[in-house]
There are 2 protein chains.
Amino acid sequence: MLRPAPLSYGSMNKKVNIKDIAKLANVSHTTVSRALNNKSRIRQETKEKILSIARELGYRPNLIARSLVMRRSKTLGLVITNIANPFYTELAQGIEKTATQLGYNIILCSTQSDISNEKQYIEMLRSKGVDGIIFSSAHMEDPNIVALAEEGFPIVLVNRRTYHPLVKKKVDYIGIDNILGGYLAVEHLIRLGHRSIGVIGGSSESSVGVERLEGGKRALQTYGIMQREDYFIEGNFLKTSGYEGGKQFLNMLERPTAVFATNDYMALGVYQAFLEAGLRIPEDVALIGFNDIEFTAMKGVELTTIGQKKFEMGAIAVERLVARIEEGNESFLPKEILLTPELIIRKTCGFHLREYLIESRRGLMDQR
Amino acid sequence: MLRPAPLSYGSMNKKVNIKDIAKLANVSHTTVSRALNNKSRIRQETKEKILSIARELGYRPNLIARSLVMRRSKTLGLVITNIANPFYTELAQGIEKTATQLGYNIILCSTQSDISNEKQYIEMLRSKGVDGIIFSSAHMEDPNIVALAEEGFPIVLVNRRTYHPLVKKKVDYIGIDNILGGYLAVEHLIRLGHRSIGVIGGSSESSVGVERLEGGKRALQTYGIMQREDYFIEGNFLKTSGYEGGKQFLNMLERPTAVFATNDYMALGVYQAFLEAGLRIPEDVALIGFNDIEFTAMKGVELTTIGQKKFEMGAIAVERLVARIEEGNESFLPKEILLTPELIIRKTCGFHLREYLIESRRGLMDQR
DNA sequence: CCCCTATGCGTTAACGTTAACGCTTTTGTA
DNA sequence: TACAAAAGCGTTAACGTTAACGCATAGGGG
């Protein structure tokens with residue numbers, strides 16, 4: 001045993017690195033690196049010795065140095081419009097959890113839907129050397145994302161997407177079948193007997209909004225119901241815009257007997273507008289939302305809505321991105337993964353017989 | 001002009017670094033570094049030249065290399081129990097926003113309240129070289145946090161805290177005055193005439209739970225109301241535990257006429273339990289929560305609760321942590337910053353006269 | 001017994017940046 | 001005009017890690 005200065009062992013405050021270990025173990029720092037990353041070409045004995053010294057010294061690997069030489073940071077960026085939105089929160093949870101399971105960390109970026117914010121975040125993330133970026137904030141037209149796709153930087157689109165052909169050809173998209181979701185929502189209303197159905201769309205800059213609207217229109221078409229232009233109101237996914245939209249419907253001469261809001265926030269806004277006007281839900285007007293955010297299930301609300309597996313969506317997105325990173329961006333063929341939405345019948349449409357549910361499902365199968 | 005190979009300018013795919021710029025500018029890479037970090041001792045002319053070349057080449061600084069040499073990463077860790085909780089979400093938003101304003105990024109860590117998860121995250125964060133860590137997940141007894149405080153690693157406690165003397169002596173805590181909040185809640189109930197008040201506490205491992213409970217007890221004491229042991233139920237901050245607690249109250253011979261739940265989630269659970277039992281709120285039983293999470297304001301719920309500035313809380317926490325990092329940990333004296341909670345009167349306590357509110361405030365001032 | 005191939009290590013050079021130091025050249029002042 | 005000080009820049013060495021390469025020694029087959 002030739003270890004010098006054993007007294008300095010335990011509580012030394014200075015950060016210990018691979019060379020410190022090397023000295024104590026009488027080997028080169030490369031050997032220490034080999035031991036720590038248990039590579040081959042090292043004797044079991046010396047390896048154990050090194051590992052024990054490392055433990056004694058409280059060695060903590062410097063991942064910054066490692067990142068510099070490996071050109072891999074084991075870090076991902078998550079670019080989201082707004083963390084405060086419970087939808088994104090659940091998504092983020094799925095993302096964070098599977099990322100850590102796969103050995104990656106997440107840097108959080110909240111763009112507030114501002115595309116120049118998004119750009120700045122992207123620059124920062126790339127400067128920090130993230131291995132890939134998860135976007136759940138894509139605009140329909142998003143030059144930032146097109147540029148990244150063009151360059152071949154590993155990204156994944158989750159929830160929202162871009163229709164740009166190059167992006168479609170190069171990057172993964174994980175979402176739900178929003179067209180089907182919109183279809184299910186409006187079909188539900190139709191099957192309950194509604195013929196005048198108002199729809200509050202999301203922002204036309206977001207793919208999910210237009211897709212859900214499209215699904216709703218297809219349902220109307222399938223069931224041969226006339227589409228009135230004034231029954232389609234464009235919102236912005238915020239509760240206030242649902243509230244405003246609800247008021248617009250209230251002021252109409254022929255007010256719709258049912259409303260489909262393309263997300264729950266807006267549905268809650270509509271709900272409030274109707275309640276304030278003295279209407280009863282579902283007796284006077286039916287209401288259906290989209291997303292199934294946690295609180296819509298609450299007593300006193302119990303919104304009928306379209307559910308989706310947000311956690312799973314996030315998980316899949318990360319798995320795909322990490323696979324792409326580790327298998328190499330070029331050889332990795334892109335996929336579009338659409339999860340299936342689910343009609344969640346609660347109380348705001350006033351009908352919840354089991355038979356109906358079953359029949360409805362069958363009806364759907366026939367259509368598609 | 002001696003720039004060689006100008007054709008390689010625009011679209012070269014290889015990552016450009018400081019030395020590439022140096023070559024084109026006929027200077028040393030150090031000069032380029034000086035130009036980019038606009039340090040002194042550089043001629044305006046060469047600086048502009050370098051900057052323009054950098055722009056042309058699409059230079060992006062490698063912050064990993066910079067971190068390695070500077071021993072600063074401009075990255076903070078955020079250790080949270082659960083992102084999905086809307087309370088933490090709003091907090092996180094405040095944190096993320098002010099962090100980016102100050103030039104820092106946030107690595108997100110969700111511990112699920114597991115202290116060994118927390119430990120692993122801390123190790124990872126430190127390996128990744130974060131400059132500091134924000135904890136909103138502290139247990140009352142949290143060896144991880146004590147260790148960090150001991151070592152002098154920059155951290156800040158937000159929302160939750162530890163009572164360990166060393167931690168109190170060394171690290172900042174940003175929260176609200178939970179004792180006052182609990183006091184306000186119970187006082188509100190008392191002033192409405194309630195004398196038998198049930199309380200559902202949070203986990204005894206969390207400081208906020210015990211403090212709010214303590215505040216409630218002080219209110220009872222101040223107003224000379226007997227404290228019944230069986231009226232204090234320990235919950236765990238989840239909705240289910242509120243639901244269970246509510247059921248316990250329902251089964252009592254002398255059921256309390258009002259309930260204070262130490263967070264909104266549990267209050268909503270209680271709400272559901274009572275509604276299912278056919279009770280009306282507030283006519284049959286009054287209910288008050290704590291936190292003012294977004295959805296408690298919804299039509300159909302409208303929970304009376306104790307509000308707090310979550311966004312601001314997060315913002316202050318980051319400001320303090322960054323100040324500590326940049327001014328040096330030793331010279332930085334720790335502070336305890338308590339924001340003031342606010343009684344938010346909605347409908348679940350059945351009383352909302354303006355006069356009462358004013359009077360209530362005055363009453364409070366007298367007490368303290 | 002010799003050669004050939006593993007095995008077990010050390011040497012050296014990256015990765016891209018900043019910082020200490022030192023050398024010219026300019027500027028300012030007596 | 002001379003000389004100190006400052007400005008402007010280059011050289012070199014870090015930061016902590018991995019990887020390519022090379023050199024011994026041990027083991028195995030002819």
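Because the structure is predicted, anything quoted here is derived from the model rather than measured. When reading the values below, keep in mind they use all heavy atoms of this one structure, side chains included, and skip hydrogens, waters and symmetry mates. Reminder, nothing fancy here: chain letters follow the sequence lines and each chain counts from 1.
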Please tell me if the side chains of I80(B) and T111(B) come closer than 4.5 Å, counting only heavy atoms from C-beta onward. no
For atom NZ of K23(B) and atom P of dC9(D), their distance in whole Å: 20 Å
Can you tell me the distance, in whole Å, between the CD1 atom of I64(A) and the P atom of dT18(C)? 14 Å
side-chain contact (heavy atoms from CB on, under 4.5 Å) evaluation trace for K97(B) with S110(A): CA-CA 8 Å; K97(B) 189 166 183 195; S110(A) 189; over 6 Å; no
Taking the six-membered ring of F135(A) as reference, does the NZ or CZ atom of R160(A) fall below 6.0 Å from its centre and within a 45° cone about the axis? no
Donor-acceptor pairs are to be reported for all side-chain atoms of residues 33-41 of chain B against protein atoms at under 3.5 Å, with residues two or more places apart or in another chain.
unit_1: S33(B); atom_1: OG; unit_2: N37(B); atom_2: ND2; d: 3.3
unit_1: N37(B); atom_1: ND2; unit_2: S33(B); atom_2: O; d: 2.8

R41(A) side chain, from C-beta outward: closest of dG10(D), dG8(C), dT18(C): dG8(C)
Would you indicate, yes or no, if dG10(D) has its OP1 or OP2 atom less than 4.0 angstrom from a side-chain nitrogen or oxygen of T31(B)? yes
Rounded interatomic separation in angstrom, taking CG from L63(A) and C1' from dC15(D): 15 Å
Integer-rounded Å distance: dA6(C) P and Q44(A) CD: 21 Å
Nearest-Å distance for atom pair CD1/P, residues I18(A) and dC15(C): 19 Å
Under 4.0 angstrom between T30(B) side-chain N/O and dT18(C) OP1 or OP2: no
Can you find an N or O donor on one side and an acceptor on the other, under 3.5 Å apart, linking the side chain of R34(A) with the base of dG10(C)? yes
d(NZ, K47(A); C1', dC9(C)) in whole Å: 15 Å
Send over the distance from I42(A) CD1 to dT25(D) P, rounded to a whole Å. 19 Å
Could you check whether the side chain of H29(B) and the base of dT18(C) have a donor-acceptor pair of N or O atoms closer than 3.5 Å, going by distance alone? yes
Distance-only donor-acceptor test (3.5 Å): side chain R43(B), base dG8(D): no
Is S33(A) close enough to dT18(D) that one of its side-chain N or O atoms is under 4.0 Å from OP1 or OP2 there? yes
Give T46(B) one of three labels, base, sugar-phosphate or nothing, depending on what nucleic acid heavy atoms sit under 4.0 Å from its own. sugar-phosphate
Check each residue of residues 65-74 of chain A for a non-hydrogen atom within less than 4.0 Å of any atom in DNA chain C, then write out the ones that pass by number, or none. L68(A), V69(A), R71(A)
Does the side chain of N17(B) get closer than 4.0 angstrom to OP1 or OP2 of dG16(C) through an N or O atom? yes
Under 4.0 Å between a side-chain N or O of K39(A) and OP1 or OP2 of dA19(D)? yes
Give a yes or no on whether a salt bridge exists between K74(A) and E326(A), defined as a side-chain N under 4.0 angstrom from a carboxylate O. yes
Of E118(B), H139(B), E123(B), the residue whose pairing with N144(B) passes side-chain hydrogen bond (donor to acceptor under 3.5 Å, both in side chains): E118(B)
Just jot down the salt bridge (Lys or Arg N to Asp or Glu O under 4.0 Å) partners of D142(A), sequence neighbours excluded, or say none. none
Here the distance between atom C1' of dC9(D) and atom CG of N26(B), to the nearest Å, is 13 Å
Salt-bridged, E150(A) to K169(A), with N to O below 4.0 Å? no
